[in-house]
Structures are given as C-alpha cells and as structure tokens.
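Structure, as structure tokens:
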Amino acid sequence: MSDRRGARIVRAEVCEAPVDVAELAAAVEDRAAGAVVTFDGRVRDHDAGRGVVGIAYSAHPSAGEVVARIAAEIAARPGLRALAVVHRYGEL
C-alpha cells in the first residue's frame, strides 16, 4: 500500500531478457488503484518504406542506475501505488 513514503517499486531495471508485460501488470496490481497502465514497445515490419526483420538496442553501463533513479522520482509522486519499469536491450 502506498503512503507518504511513496509507491512500492516492484522492478526498475534494464535487461536483455524478454519482458513479460502481463507479469509486470500483475505485480503492480492494487485493489485501491483505479488503473494499471502498461506500454509494450514492438518492432515494426517497416521503416521509411523498407522492410524490417529486427532491431538491436544497446545500453549504456549506467542505464540501470538511471532507470532506478527515475523510478524513485516517479514513485515519490502522490497517488501512485506501485511501479514497475523495465527496458530491454539486445536483439529484438
């Protein structure tokens, strides 16, 4: 439950493994919350008229620390119950 100390941070990380959005949504679920908001980025099959079959993302060594810091800043806002943010890198 959220209180004056802020929301519960379930996950805040950068990883190479596939991200299970349904698992993250379930982890932040709270009966006192009015919504669970998710974003699941996808690789499009085209870019500027050219076909795309995949994309490779790299991550700066400090990316995990930056994601954790941003998550802590967001979690401190009033009204939020729980937060999970995971950014994937590697071959998609």
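All heavy atoms count here, side chains included; hydrogens, waters and symmetry mates do not.
Side-chain atoms of R88 come within 3.5 Å of backbone N or O of E16 as a donor-acceptor pair.
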Q: Determine, step by step, whether V52 and V43 satisfy the side chain to side chain contact (heavy atoms under 4.5 Å, CB included) criterion, reporting the C-alpha distance in whole Å, the side-chain angles of both residues, the deciding distance to 0.1 Å, and the verdict.
A: CA-CA 8 Å; V52 172; V43 178; 3.9 Å; yes
Q.
Working note: L24 + R11, criterion side chain to side chain contact (heavy atoms under 4.5 Å, CB included); need CA distance, chi angles, decisive distance, verdict.
A. CA-CA 8 Å; L24 292 177; R11 283 178 66 186; 3.7 Å; yes
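Among pairs with a residue in residues 49-60, those fulfilling salt bridge (charged side-chain N to carboxylate O under 4.0 Å, His left out) read D47-R50, at least two apart in sequence or across chains.
Across all their heavy atoms, A75 and L80 have their closest contact at CA-CD2, 4.0 Å. Residue A12 comes nearest to I9 through the heavy atom pair CB-CG2, 4.0 Å, listed as atom of the first residue, atom of the second, then distance. When all heavy atoms of E29 and V36 are compared, the pair lying nearest together is CA-CG2, 4.3 Å. Across all non-hydrogen atoms, the minimal contact from T38 to A25 is CG2-CB, 4.0 Å. Residues S58 and Y89 approach most closely at C-CB, 4.2 Å, considering heavy atoms. Nearest heavy-atom pair across L83 and A71 is CD2-O, 3.2 Å.
Residues V14 and I55 fall within the same hydrophobic cluster, defined by Ile, Leu, Val, Met, Phe, Trp and Tyr side chains chained together at heavy-atom separations under 4.5 Å. Both V67 and L92 are part of a single hydrophobic cluster, where members link through side-chain heavy atoms under 4.5 Å apart.
Not counting sequence neighbours, the partners of S62 by the side-chain contact (heavy atoms from CB on, under 4.5 Å) test are H60, E65, V66.
One distance of note links CD of E91 with OH of Y57; it measures 11.5 Å at 0.5 Å rounding.
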